[in-house]
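Note sheet for the following structure.
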Amino acid sequence: MKRFVSLTIITLILLFCINIVAFGYYEDEQIAENDFYIVVTFTESEDVFRASGTKTGSKTITGYNDDNEKLWDATIHCSFSYTGSSATCTAASITYNEYSSKWKITSATTTRSGNTATGNITAKKYVLGIPVQTVEETISITCSADGTLS
């Protein structure tokens, strides 16, 4: 009997120590530009076992050309804490990838303010080493007091 109780307690402790995460993903919007288009996708997760509310989310902006070839992408990653009466962005970072030799991400920055994380990127298209097109995009994620990310 003691062994059963000990195993039950250890199992419960392990369950509370392991982060079980729920994920959500959706394609948010598609924006047409000159000779390419941009797709924005959003992912969020929640730590199910934490007493206080925490959420993480990421939003990716991807540039494609008219032939549906991926040119570049940039993703803002952020963490939030929320209490039911307020929310705060606790961390934000940005990562990016370049898939075309003609396109370069020349700037990628993040800022946090209150319950919002914002990423700013600048992508440039080069022909013979000369920039011929510039795309500037802003992506942001906001957390409401009840933990809803948008």
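Because the structure is predicted, anything quoted here is derived from the model rather than measured. We number each residue from 1, following the sequence as shown.
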So, H77 and T56: side-chain donor and acceptor under 3.5 Å apart, yes or no?
no

Can you find a side-chain donor-acceptor pair between N65 and Y37 that sits under 3.5 Å?
no

So CG of L149 and SG of C78: to nearest 0.5 Å the spacing works out to 7.0 Å

Side-chain H-bond candidate by donor/acceptor type, S140 with T118, under 3.5 Å:
no

Looking only at heavy atoms, which two atoms of N115 and A87 are closest? And how far apart?
CB-O, 3.4 Å

Is a donor on one side and an acceptor on the other found under 3.5 Å between the side chain of R112 and the backbone of A117?
no

L128 and Y126: same hydrophobic cluster, using ILVMFWY side-chain contacts below 4.5 Å?
no

Is any side-chain heavy atom of I139 closer than 4.5 Å to a side-chain heavy atom of E137?
no

May I ask you to check whether over 12 heavy atoms, not counting those of Y96, lie within 6.0 Å of atom OH?
no

So, for I76 and G119, which heavy atoms are closest and what is the spacing to 0.1 Å?
CD1-N, 3.4 Å

Kindly assign one of parallel, tilted or perpendicular to the pair W72 and W103, based on the angle between their ring planes and the thresholds 30° and 60°.
tilted

Derivation of the side-chain contact (heavy atoms from CB on, under 4.5 Å) call for T62 and T60
CA-CA 6 Å; T62 306; T60 302; 3.6 Å; yes

What is the minimum heavy-atom distance between T138 and N120, and which atoms define it?
OG1-OD1, 2.8 Å

Go through the steps for Y82 and D146 under the test side-chain contact (heavy atoms from CB on, under 4.5 Å), then give the verdict.
CA-CA 7 Å; Y82 63 95; D146 67 356; 5.6 Å; no

What is the minimum heavy-atom distance between S58 and T75, and which atoms define it?
CB-CG2, 3.8 Å

Atom pair NZ/CD of K124 and E136 - distance to nearest 0.5 Å:
8.0 Å

Should E44 and K55 count as side-chain neighbours, where that means a heavy-atom distance under 4.5 Å?
yes

Output, in order, the C-alpha distance, side-chain angles, deciding distance and verdict of side-chain contact (heavy atoms from CB on, under 4.5 Å) for K104 and E98.
CA-CA 6 Å; K104 302 288 180 212; E98 299 163 338; 3.7 Å; yes

Can you name the nearest heavy-atom pair linking C143 to G147, along with the distance?
SG-CA, 3.8 Å

Decide whether T116 and T142 meet the rule of one side-chain donor and one side-chain acceptor closer than 3.5 Å.
yes

Determine whether a donor-acceptor pair (N or O, by modelled atom type, separation under 3.5 Å) exists between the side chain of K59 and the backbone of F42.
no

Does any part of the side chain of V39, heavy atoms only, come nearer than 4.5 Å to the side chain of Y64, both counted from C-beta?
yes

Which heavy atom of T90 sits nearest a heavy atom of S81, and at what distance?
CG2-OG, 3.8 Å

Could you tell me the separation between the CG atom of D73 and the OG1 atom of T95, rounded to the nearest 0.5 Å?
7.5 Å

Can N97 and I105 be said to form a side-chain contact (heavy atoms from CB on, under 4.5 Å), step by step?
CA-CA 8 Å; N97 299 291; I105 302 290; over 6 Å; no

